[in-house]
Every structure is written in structure tokens, then in C-alpha cells.
Number of protein chains: 2
Amino acid sequence: MHPNRKMREFERRERDILDTTLTLLTGEQWQTISVDKIAQCTGIGKGTVYKHFDCKNDIYAHLLLDNYRQMLTQLKRLAADDHLTGVQQIRGMLVYTLEYHRENVAHQHMHLHFRQKAFREQISSSYLQQLDDTEEQFIEAFEQAVYKGITEGDVNPDIPRETMMAGVSATFEGAIVMLQEGGCCKQQMMQTAEQKDAYINHVVDYMIAALIRQPADKQEKR
Amino acid sequence: MHPNRKMREFERRERDILDTTLTLLTGEQWQTISVDKIAQCTGIGKGTVYKHFDCKNDIYAHLLLDNYRQMLTQLKRLAADDHLTGVQQIRGMLVYTLEYHRENVAHQHMHLHFRQKAFREQISSSYLQQLDDTEEQFIEAFEQAVYKGITEGDVNPDIPRETMMAGVSATFEGAIVMLQEGGCCKQQMMQTAEQKDAYINHVVDYMIAALIRQPADKQEKR
DNA sequence: GTCATATTGTGACCGATGGTCACAGAAAAT
DNA sequence: ATTTTCTGTGACCATCGGTCACAATATGAC
């Protein structure tokens with residue numbers, strides 16, 4: 001009983017650290033939050049934090065992983081919903097994920113941090129692998145919906161899979177970058193929630209259109 | 001004569017700092033390069049560096065600006081080339097810029113750094129403005145080519161400008177992220193130059209096709 | 001209840017880093 | 001030759017991520 005209780009307390013402590021960090025992240029940037037501050041706000045010593053995480057960025061990685069898993073659950077739910085057509089599933093996935101990023105600025109920053117080589121190289125390999133695995137599952141869920149769309153005759157089956165995935169994932173990744181407030185040159189373009197919503201709709205329309213369009217080589221004259 | 005000579009030496013010194021930094025960047029990441037190291041490798045004192053740049057990241061911003069301007073020159077050259085159709089100009093611009101990122105890993109990292117809110121908030125406002133201005137000019141050159149493509153009947157004029165630019169810029173921005181080695185989940189997908197080249201071609205095809213395709217709403221059934 | 005042992009939390013400490021500034025030394029002016 | 005101006009410098013500071021010897025607490029034996 002006792003060792004079990006200990007373990008639960010240890011895990012509760014870890015949750016505390018993560019929750020505290022999340023709270024701090026609503027008010028300031030990751031870079032300005034020191035480990036000492038996290039420890040103090042959690043009400044523990046700095047050394048204790050390092051009993052739970054190997055390095056500062058592992059805390060960040062853990063939070064990101066939590067978010068990824070939450071999103072993945074929703075994506076899988078969409079993929080399993082047979083009331084929807086493939087294209088509707090695709091649209092639902094894209095809109096859900098982009099809106100998630102829009103609503104959760106801290107997550108936006110985490111995601112972009114994760115794309116930095118230096119960050120990926122520093123976090124524990126365990127976190128790196130889990131994060132990559134989860135992203136892989138995003139893609140699988142998406143491709144499943146695409147396949148459904150093809151069998152239903154909506155998605156164009158002639159688009160090479162590489163071209164399609166290269167385009168869609170790039171557009172998606174870029175949209176997250178562009179959704180940042182002041183994250184791009186046209187600062188005034190992405191301030192209000194309405195503007196961001198409009199942007200999400202445009203970009204999703206663009207991606208959907210790319211999936212259902214006729215093959216490009218019949219139209220383009222080089 | 002003397003004050004002039006002084007000024008020239010001062011500027012030469014600045015070039016030295018930048019060149020040294022660029023050299024160091026081929027071997028290690030920006031985060032692991034200390035200002036002290038830059039100063040020592042340039043053969044000057046650390047304090048002198050801060051006579052030229054207000055903060056460490058300003059050096060990075062200056063290098064990025066140099067690259068942006070170099071690219072802009074080429075884009076403008078393409079936009080002014082009347083031997084090319086609008087679509088050819090568009091393709092040239094996209095391929096050139098993406099290949100520039102592919103060949104210049106240091107620039108890739110600079111560009112992604114620039115997308116981070118923390119970085120944009122720290123660098124001098126002068127650099128921020130110049131960088132944003134230059135990006136704005138990228139878009140102008142691109143839109144000029146698109147307009148040419150429309151008048152030539154290749155680019156679909158019915159695509160709402162917002163949808164088009166939202167999609168293209170997102171795809172473009174995302175492609176840069178994806179081009180990173182180990183920058184995304186499928187590590188093995190983007191290692192060799194051939195793979196990256198193939199990726200660039202796919203993603204450019206995708207973007208071009210998006211510009212010349214028929215309006216989406218006539219195809220999609222919601 | 002007491003002592004011995006094991007486990008876990010802690011904050012002083014370390015090395016490194018970005019940034020500052022008083023001052024030395026060179027150049028210009030007189 | 002002397003004063004004045006200006007520029008380069010590195011010692012210095014504050015901060016931060018990370019470590020570890022030790023303290024505090026829990027566990028177990030008798």
C-alpha cells in the first residue's frame with residue numbers, strides 16, 4: 001500500500017509541475033520562464049523538478065505530447081464516424097486541428113519549437129519518439145479519410161500520393177505558422193479571431209480543392 | 001579623409017563579424033555560438049561586437065536580411081523577364097526560393113527563428129521592419145506574376161485572392177519547415193538532396209495546380 | 001518507542017552566457 | 001607636447017540550466 005501511495009504522490013507532483021507550467025505559459029513565453037520559477041510556483045525545490053524531467057525542454061515536450069494526444073483522439077473519432085463522407089472527415093480534421101492551434105497560443109509555440117532542430121536534438125529520445133509516433137498517427141488517420149474519399153468518388157485518385165501529401169502537409173504546417181499573431185509580415189492580417197477564422201476557412205478550402213481537383217498536367221502549359 | 005577612413009574600417013569590421021558568424025554557422029547551431037566566440041574568431045573584443053549590434057540576435061537578423069535581399073533580387077529579375085509566361089515566372093520563383101532554402105541550411109534555421117514570436121520581439125525594430133518590408137516585396141513580385149498569368153489566361157481568375165494567397169503562402173512556408181533534415185516526423189523522407197529535390201517538385205506542382213485549377217465549389221459536394 | 005536503513009526532496013553551487021561599462025589607449029586637435 | 005575626443009576592451013554582473021552532497025522524511029527491525 002505505502003509504495004503505491006508514494007508512487008501516486010510522485011505522479012500527482014508531476015501533474016502539478018505540468019499544470020503550473022501551463023498556467024505560467026498563458027502569461028509569458030517559454031524562454032522567459034526559468035526552471036526555478038516553475039519549481040517555486042509549484043511549491044517544490046528546483047532539484048525536484050529534475051527528478052521528473054531530464055531537462056527543461058522535456059517539460060515542454062511533455063505538454064506538447066499531451067496536446068497531440070488530445071487532438072489525435074478527436075481525429076480518430078472523426079475517422080471512425082461513418083455518418084460523414086470522406087471529404088467531410090477530411091474537412092473536419094483540418095478545421096478541428098487548425099482551430100485548436102488558433103485557440104491555444106501556447107500550443108502553437110510548442111509546435112513551432114518542436115520543428116526546430118536544436119529542440120528535437122535536446123529533448124529525451126523517448127519524448128522525441130512518442131511525439132513523432134503521434135504525428136505519424138495523424139497522417140494515418142488523415143490518409144484513411146482520403147482513401148474513403150477516393151472510394152466515394154470525391155477525391156481525385158489520379159493525384160500522386162507523394163504530391164498530395166507533400167502539398168497538404170506543407171500547407172497545413174504553414175498555416176500554423178501563419179496563424180501566429182505577428183508571426184508573419186502582414187501583422188494586421190491576423191489579429192482578431194474573425195480574421196483567423198476566415199484564414200482557416202480559406203486555407204481549408206484550398207486544401208480540399210487540391211484533393212478533389214482534376215489532374216494538373218492536363219491544364220498547365222509549360 | 002581620416003573620418004571617412006575610420007568609417008570604412010568600422011564597416012569592414014562589421015562585415016568581418018558577419019562573415020565570421022556565417023562561417024561558424026556552417027559548423028554548429030546558432031544557439032551554441034556565443035558572442036564571445038564570434039568576437040574571438042573575428043579577432044576583436046566582445047564589447048566591440050556590441051558597438052555594431054544591439055543584441056546577439058541582431059547579428060542573426062542581419063544575416064537573414066542579407067539572404068532575403070539576395071533572393072528578392074532574383075525574384076525581381078524573374079518578374080521582369082518578359083520571355084517567360086506568368087506561370088513560368090511563378091514556377092521559377094517558387095523553385096528558386098525553395099532550392100535556396102534547401103542549399104542553405106543555416107538560412108533555413110534563420111528563417112524559422114524569425115517566425116518565432118520571441119525572436120521577432122527581441123531584435124531591433126529597425127531589423128524587424130526591414131525584414132517584414134522585404135517579405136512584403138516577395139509577395140508583391142509573386143502577385144505580379146500571378147496577375148500576368150491571369151491576363152495570359154493560364155491562372156484561374158475566379159479563385160478569390162485571399163484563398164489563393166492564404167493557400168500558396170501557407171504551402172510555401174510549410175515546405176520550408178518540411179525541407180529540414182529531421183525536421184519532421186518522417187526523418188528518413190528528407191535526407192538526400194534527391195529526396196529534397198523531389199519534394200520541391202511535388203510541392204511546386206501542387207501550388208501551380210492550385211493556381212490554374214477550376215473553381216473548387218463546382219466540384220465539391222458538401 | 002527507538003534506532004538503523006532506505007528513499008526522496010532540496011537549495012547551495014557550478015559553468016556558461018548575454019549584456020554593460022569604466023577605463024585604457026589611440027587618434028585628432030590645439 | 002599636451003589636451004581632448006573617440007573607440008576598443010575585457011573584467012564584471014545577473015541569470016539560467018543543470019548537478020549533487022546532504023538533509024529530511026519515511027520504512028523496517030526489534
> A/Q40 CD to C/dT10 C1': how many Å, rounded?
Replying inline: 13 Å
> B/R12 has an atom CZ; how far is it from atom P of D/dG8, in whole Å?
Replying inline: 11 Å
>> Can you list, in residue-number order, the parts of residues 14-23 of chain B that come under 4.0 Å of DNA chain D, counting heavy atoms only?
In response: none
> Would you say the side chain of A/T21 lies within less than 4.5 Å of the side chain of A/Y60, judging by non-hydrogen atoms?
Replying inline: no
> B/F10 CZ to D/dT7 C1': how many Å, rounded?
Replying inline: 9 Å
> Does A/I90 offer a backbone N or O that forms a donor-acceptor pair with the side chain of A/K148 under 3.5 Å?
Replying inline: no
>> Applying ring-ring contact (aromatic ring centres under 6.0 Å, His included), can you list everything that pairs with B/F172, at least two apart in sequence or on another chain?
In response: none
> What residues form a salt bridge (Lys or Arg N to Asp or Glu O under 4.0 Å) with A/D66, not counting sequence neighbours?
Replying inline: A/R15
>> I need the CD-P distance between A/E9 and D/dT25, as an integer number of Å.
In response: 14 Å
> Looking at side-chain heavy atoms only, is the closest gap between A/V168 and A/Y206 below 4.5 Å?
Replying inline: no
> Whole Å only: how far is the NE2 atom of A/H52 from the P atom of D/dG18?
Replying inline: 16 Å
>> For B/I59, run the side-chain contact (heavy atoms from CB on, under 4.5 Å) check against B/V49, B/L22, B/T20, B/I33 and tell me which one passes.
In response: B/V49
Produce the list of close N/O pairs, under 3.5 Å, pairing protein atoms with atoms of nucleotides 16-20 of chain C; give distances to one decimal.
residue, atom, partner, partner atom, Å
C/dG18, OP1, B/K56, NZ, 2.9
C/dG18, OP2, B/V35, N, 3.0
C/dG18, N7, B/K46, NZ, 3.2
C/dG19, OP1, B/Q122, NE2, 3.0
C/dG19, OP2, B/Y50, OH, 3.0
C/dG19, OP2, B/K56, N, 2.7
C/dG19, N7, B/K46, NZ, 3.1
C/dG19, O6, B/K46, NZ, 2.5

>> What is the distance, to the nearest angstrom, from the CD1 atom on A/I38 to the C1' atom on D/dT15?
In response: 15 Å
>> What I want to find out is whether A/E99 reaches A/K196 closely enough, with some N-O distance under 4.0 Å, to be called a salt bridge.
In response: no
> Which residues pass the ring-ring contact (aromatic ring centres under 6.0 Å, His included) test with B/F119, sequence neighbours left out?
Replying inline: B/H113
>> If I take atom CD in residue A/Q29 and atom P in nucleotide D/dC16, what distance separates them, rounded to the nearest angstrom?
In response: 15 Å
>> Could you tell me how far apart A/R13 (CZ) and D/dT25 (P) are, to the nearest whole angstrom?
In response: 13 Å
> Which pairs with one or both residues in residues 24-42 of chain A pass salt bridge (Lys or Arg N to Asp or Glu O under 4.0 Å), sequence neighbours excluded?
Replying inline: A/E28-A/K37
